[in-house]
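The structure under discussion appears below in the form of structure tokens.
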Amino acid sequence: MTHNLILHVVSKTLIPLIIVFALYVQFHGDFGPGGGFQAGVIMSSAIILYALVFGLDVAEQVMPPTILRLLASLGVLIYAGVGVVTLFPGGNYLDYSVLADTQIAGQHLGILLVELGVGITVFSVMLIIFFAFAGRGRP
Amino acid sequence: MIDVFIDVTLLAFLAITAVAIVRMTNLFAIVMLFGIFSFLSAAMFVVMDAVDVAFTEAAVGAGISTVLMLATIALTKDQNEKQSRSHRSWLPLAVVIVTGAALVYGTLDIPAFGDPEAPAQMYVAPYYLERSIAETGVPNVVTAVLASYRGFDTLGEVVVVFTAGIAVLLLIGGKRQKSNTRKNEKKRK
């Protein structure tokens, strides 16, 4: 996109707010609407806005595609890994109650970790898809 | 009373947007209207107290998919839909009317909105609503069901998202790298 002062200034103000909101949605999902999926999408929209305003190459420097691929698998690994960890104290797969001393604390920890995995995977997959589509137009 | 008014207004806007999408030929404007359609659906979900679904609809339907469709339009470089007036539109119209009538007939069997006797409210929902605070300590029942009671399902969904990313990478992501390696192979030969 050609140099546009208003877009640059507005998006530079908006992007930190979008990221903070994404983190709020991520970690407040237990108490209000939201969760990992929505947070991942909002977080990726911050980077997509950056890419639209400042150009794809700069955005790929901020979020290198190799790191995105690692993050996409890391999220699934965290989710599936929490399930494996719950097997060791004798629980069922993805039964978070055995993660901590009390059932409530275990459930809380498990849900937090699992939502984090969802958020990371959704964030990176959305960006992978966007970069793949938008990158096709480049020479 | 105010609920009915909001419902009717939103539904009317949804219908107007849908008709506008059908009648337009500029793909850019159509994509923008798709975004508006998604936002209106999200507002409908809010009215129906499904805030989590509304959140997802607004973020994915209006945000990400609009950007992806715009990126696709930018790739195809053809802003206008090809108009072909030669074919007769009676058969599609008949198909649409019959399908629509079948759907409307199907809704007659659906229990009323918020009906406590509905099958959805009778099966596991009461258990979740009564026990989720005691068992998980999470005030948002949707999160408790999604991440804890239905943890397996959500794991599957995450794997689906992951698979979609891999599929896109395989199909259109690694093009440039492949041509580079081919060049390298040629150089080695």
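Values in this document were obtained by computation on a predicted structure and should not be read as measured data. Chain naming here is simple, since letters A, B, ... match the order of the sequence lines and numbering starts at 1 in each.
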Side-chain heavy atoms under 4.5 angstrom apart, residues restricted to Ile, Leu, Val, Met, Phe, Trp, Tyr: same cluster for [X] and [Y]?
X	Y	result
Val145(B)	Phe152(B)	no
Leu14(A)	Val9(A)	no
Met43(A)	Phe162(B)	yes
Ile120(A)	Leu77(A)	no
Val60(B)	Ile19(A)	yes

Discussion item. For chain A, which candidate among Ala134(B), Pro139(B), Ala71(B), Gly63(B) shows the most heavy-atom pairs at distances under 4.5 Å?
Written reply: Pro139(B)

Discussion item. I'd like to know which of Ala58(B), Gly151(B), Ala164(B), Ala144(B) tops the heavy-atom pair count under 4.5 Å against chain A.
Written reply: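 Of the candidates given, the most pairs with chain A belong to Gly151(B).
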
Which answer fits [X], side chain, backbone, both or neither, if we ask what part of it has an atom under 4.5 Å from a heavy atom of chain B?
X	result
Ile48(A)	side chain
Phe31(A)	both
Val82(A)	neither

Worksheet item: Can you check side chain to side chain contact (heavy atoms under 4.5 Å, CB included) on Leu169(B) and Arg69(A), steps first, answer last?
Response: CA-CA 9 Å; Leu169(B) 270 182; Arg69(A) 285 171 209 182; 3.7 Å; yes

Mind ranking [options] by heavy-atom pairs under 4.5 Å with chain B and telling me who comes out on top?
options	answer
Val114(A), Ile42(A), Val125(A)	Val125(A)
Gly29(A), Gly35(A), Ser45(A)	Gly29(A)
Pro65(A), Ser44(A), Ala72(A)	Ala72(A)

Taking atom [atom1] of [X] as the centre, does the number of heavy atoms from other residues, nucleotides or ligands within less than 6.0 Å exceed 12?
X	atom1	answer
Tyr128(B)	OH	yes
Phe39(B)	CZ	no
Leu17(A)	CG	yes

For a quick test of reading the model, state the closest non-hydrogen atom pair linking [X] to [Y] and the distance between them.
X	Y	answer
Tyr79(A)	Thr154(B)	OH-CB, 3.2 Å
Ile111(A)	Ser148(B)	CD1-CB, 4.0 Å
Phe55(B)	Val25(A)	CZ-CG2, 3.5 Å

Discussion item. Using modelled atom types and a 3.5 Å cut-off, is there a donor and acceptor pairing between side-chain atoms of Thr56(B) and backbone atoms of Gln38(A)?
Written reply: no

Fill in: Main-chain N/O of Gly34(A) paired to Asp52(B) side chain as donor or acceptor, under 3.5 Å
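Flag set: sc Asp52(B) to bb Gly34(A) pair under 3.5 Å.
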
Fill in: Nearest-0.5 Å distance that lies between atom CG in Leu75(B) and atom CZ in Phe133(A)
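Answer rounded to 0.5 Å: 8.0 Å.
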
Residue [X] versus chain A: region with a heavy atom under 4.5 Å:
X	result
Glu135(B)	both
Ala54(B)	neither
Val142(B)	neither
Ile64(B)	side chain

Item to complete: Tabulate, in ascending numerical order, the residues of residues 91-104 of chain A having at least one heavy atom closer than 4.5 Å to a heavy atom of chain B, or enter 'none'.
Response: Tyr93(A), Leu94(A), Tyr96(A), Gln103(A), Ile104(A)

Worksheet item: Does the side chain of Glu115(A) come within less than 4.5 Å of Thr143(B)'s, by heavy atoms?
Response: yes

Discussion item. Do Val138(B) and Gln107(A) have side chains that approach each other closer than 4.5 Å (heavy atoms only, starting at C-beta)?
Written reply: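 No, every pair of side-chain atoms sits at 4.5 Å or beyond.
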
Worksheet entry | Candidate pair Val161(B) and Phe37(A), rule side chain to side chain contact (heavy atoms under 4.5 Å, CB included), full reasoning | CA-CA 10 Å; Val161(B) 172; Phe37(A) 194 84; 4.1 Å; yes

Discussion item. Using side chain to side chain contact (heavy atoms under 4.5 Å, CB included), reason through Asn140(B) and Asp30(A) one step at a time and then give a plain yes or no.
Written reply: CA-CA 5 Å; Asn140(B) 185 358; Asp30(A) 300 4; 5.8 Å; no

